[in-house]
Asks: 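To start, I am sharing the structure in question, which I have written as structure tokens.
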There are 4 protein chains.
Amino acid sequence: MLFDQSNPIYIQIGELICENILKGIWKEGERLPSVREFAISMEVNPNTVNRTYTTLQEKNIIFNQRGIGYFVSPGAENMVLQMQKEVFIEEELPRIIKKLKLLKISLEDFTQLYSISD
Amino acid sequence: MLFDQSNPIYIQIGELICENILKGIWKEGERLPSVREFAISMEVNPNTVNRTYTTLQEKNIIFNQRGIGYFVSPGAENMVLQMQKEVFIEEELPRIIKKLKLLKISLEDFTQLYSISD
Amino acid sequence: MLFDQSNPIYIQIGELICENILKGIWKEGERLPSVREFAISMEVNPNTVNRTYTTLQEKNIIFNQRGIGYFVSPGAENMVLQMQKEVFIEEELPRIIKKLKLLKISLEDFTQLYSISD
Amino acid sequence: MLFDQSNPIYIQIGELICENILKGIWKEGERLPSVREFAISMEVNPNTVNRTYTTLQEKNIIFNQRGIGYFVSPGAENMVLQMQKEVFIEEELPRIIKKLKLLKISLEDFTQLYSISD
DNA sequence: GTGGTCTAGACCACC
DNA sequence: GTGGTCTAGACCACA
């Protein structure tokens, strides 16, 4: 697994987990990999995975059963979708639109680039 | 001047300068404010501005005349536009499109959000 | 460690590192001393070492693993050799040859001086 | 006239003058361009040329006749040749040889590169 | 006046 | 523990 430099690793792992939830790969109620397992497969320090899990738990996306492991919360998929949508529209979108204008990329250009990417 | 916490200040100042170049506010060949002046107006340490200038110089966006100051490079506007466009299309756009799909935001939704922001 | 005055210290430390890589003293994949450690052994401020490391990282000679340290990049030895050879042949050599001619030092003189230095 | 970043401009101008003397373009006893003239032709601040002249005067390569101008000293050509030869052999040559070895450029390689440059 | 470098010391996020 | 950033302040060479 490769991480980019810009974001903390524990955040990037969190995004990966959310992605898996959104894609339905990890369903609600399912158990996540143990911290150690996941750390090994990600080639990362267990502390880092632990931090990811803790962070996601605080957002109620996953929950912990002591001694057993972490599980995807019920309703997680919807919750993640709503949360990310809100953040995206409130924070990312304005920056994106500003940049599109600054770089003189019209909505038509964008639409075309969008369809190319399919 | 206010800076957000996500990016280093010296980067944000660099982006501000590029923006000014793109908007035609600072034209090619024009002298930038001296390190000290700019530091005062940005309410920042001179070292920080120095770092910004050095970084932009490495990208050939500005150049230095010894003992005189920094100047906008000839062709800078175009260069910045091309560089940022390339980065945007190669790196940001794929992430954006991926996210749009993941969040089930259609191109129509996006278009509407775009027009609302005007 | 003694530094001469002509070049910035952070550059001289960079040259030292490259030399160590070229000589095979620091092998690819190996971890460099931490910024603080190295600063102490060089009798220099940590900021200075940091600057050296950052500069070498930009040239892809070393890379950073977050929270762990800096490492010699794979292929670094060859890369450094090629880079320095290119710079030497393209930039230094012409100046040297020009100077040899200007100072009326023949190739034979040079050869002799070379062998004396052994 | 273009100057590189590494050396001070006043030094580079000094080297140019010495070169002209060595090449016999500016002969002993001849008057150098006035500070102002030279500054204009070099696209440089007169202070800079002044500093060059002062420095060369201290080395007795040129001399000043008040109100008239600077002149190439008698015996300058020989003096410059000796001085530069000494500096070259004492200081530059060891560095060059060390670098040749580090970069694995043999004397044969060097000889070949030398002849190519003709 | 200009920028370039360096130190000292601090704070922070991250692993 | 690791590096990254920033400030404050100093000194220097250069134009």
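Here is how names work: the chains are called A, B, and so on, in the same order as the sequence lines, proteins then strands, and each is numbered from 1. We use all heavy atoms of the structure for the numbers below, so side chains are in, but hydrogens, waters and symmetry mates are not.
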Asks: Would you say the side-chain atoms of D/R51 pair up with the backbone N or O of D/P46, donor to acceptor, closer than 3.5 Å?
Replies: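 Judged by distance alone, no pair lies under 3.5 Å.
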Asks: Before accepting this row, confirm whether a basic side-chain N of the pair C/E92/D/K99 lies closer than 4.0 Å to the acidic partner's carboxylate O.
Replies: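 D/K99 and C/E92: salt-bridged.
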Asks: When the nearest nucleotide of DNA chain E is assigned to B/T54 and to C/E43 on a heavy-atom basis, which residue is associated with the more 5' position?
Replies: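 Final value for this comparison: B/T54.
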Asks: Scan A/Y10, A/F38, A/F3 and name whichever one has a side chain to side chain contact (heavy atoms under 4.5 Å, CB included) with A/T48.
Replies: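 Exactly one option meets the side chain to side chain contact (heavy atoms under 4.5 Å, CB included) with A/T48, and it is A/Y10.
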Asks: To the nearest Å, give me how far apart CZ (C/F3) and C1' (E/dT7) are.
Replies: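 These atoms are roughly 14 Å apart.
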Asks: Please check the phosphate of F/dG4 (OP1 and OP2 only) for any side-chain N or O of C/N50 closer than 4.0 Å.
Replies: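 For F/dG4, OP1 or OP2 has a side-chain N or O of C/N50 closer than 4.0 Å.
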Asks: Please give the nucleotide sitting opposite E/dC14 as a Watson-Crick or G-U wobble pair, both distances under 3.5 Å, or none.
Replies: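 In the structure as shown, E/dC14 has F/dG1 as its Watson-Crick or wobble partner.
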Asks: For C/L32 and F/dG1, give me the distance from atom CG to atom C1', rounded to whole Å.
Replies: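 For the pair C/L32 CG and F/dG1 C1', the rounded distance is 17 Å.
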Asks: Can you say whether the rings of B/F71 and B/F63 are parallel (under 30°), tilted (30 to 60°) or perpendicular (over 60°)?
Replies: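 Because their plane-to-plane angle is under 30°, the rings of B/F71 and B/F63 count as parallel.
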Asks: Could you go over nucleotides 11-15 of chain F and give all protein N or O partners under 3.5 Å, atom names and distances?
Replies:
| from | atom 1 | to | atom 2 | distance (Å) |
| --- | --- | --- | --- | --- |
| F/dA15 | OP1 | D/I9 | N | 3.2 |

Asks: C/N64 CG to E/dA13 P: how many Å, rounded?
Replies: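 Distance, rounded to whole Å: 18 Å.
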Asks: Starting from C1' on E/dT5, measure out to CD on C/Q12 and report it in whole angstrom.
Replies: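 Value for this atom pair: 12 Å.
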Asks: Would you say the side chains of A/Q12 and A/D4 form a donor-acceptor pair under 3.5 Å?
Replies: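 There is such a pair (donor and acceptor under 3.5 Å, judged by atom type) between the side chains of A/Q12 and A/D4.
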Asks: Any carboxylate oxygen within less than 4.0 angstrom of a Lys/Arg side-chain nitrogen, looking at D/K27 and D/E77?
Replies: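 No.
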Asks: How long is the line joining CD1 of C/I40 and C1' of E/dT7, in whole Å?
Replies: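 It works out to 15 Å between those atoms.
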Asks: For A/R95, is there an ion pair with A/E91 - N to carboxylate O distance below 4.0 angstrom?
Replies: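 Looking at A/E91 and A/R95, the cut-off is not met.
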Asks: How many whole angstroms separate atom CZ of C/F38 from atom C1' of F/dT2?
Replies: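 Roughly 16 Å, once rounded to whole Å.
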Asks: B/Q5 has an atom CD; how far is it from atom P of E/dC12, in whole Å?
Replies: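 Rounded to the whole Å, the gap is 11 Å.
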Asks: Calculate the interatomic distance between C/I13 atom CD1 and E/dT5 atom C1'; express it in whole Å.
Replies: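 Distance check: C/I13 CD1 to E/dT5 C1' gives 12 Å.
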